[in-house]
Amino acid sequence: MDVTDFPDDLVQTQAAWNATYQALAAPRPRDTTALRHRLLLLSVRLWWHPYWEAQRPPEEQPLTI
């Protein structure tokens with residue numbers, strides 16, 4: 001099995017996402033609006049992290065005009 005070295009900031013963002021999700025999933029969470037907002041923000045950071053751009057196969061690279 002190959003080991004992938006993820007960037008530290010990507011791993012930290014994923015850990016923050018997991019913690020936020022757990023806080024939101026807890027019984028009777030407090031400040032759900034802030035937790036949902038944070039989860040959305042972290043999701044966007046994870047989705048658009050530059051690491052994923054480098055991992056994309058050439059056929060999925062965006063076209064440049």
Contacts table for residues 37-49: side-chain donor-acceptor under 3.5 angstrom, sequence neighbours left out:
from : atom 1 : to  : atom 2 : distance (Å)
R38  : NE     : T20 : OG1    : 3.4
S43  : OG     : W17 : NE1    : 2.8
S43  : OG     : L39 : O      : 2.8
H49  : ND1    : Y51 : N      : 2.9
H49  : NE2    : D9  : OD1    : 3.2
H49  : NE2    : D9  : OD2    : 2.9

Applying side-chain hydrogen bond (donor to acceptor under 3.5 Å, both in side chains), can you list everything that pairs with T32, at least two apart in sequence or on another chain? none
On a heavy-atom basis, the closest approach of P29 and L35 is CB-CD1, 4.3 Å
Test of understanding: with side-chain hydrogen bond (donor to acceptor under 3.5 Å, both in side chains), list the residues that count as partners of Q14, not counting sequence neighbours. N18
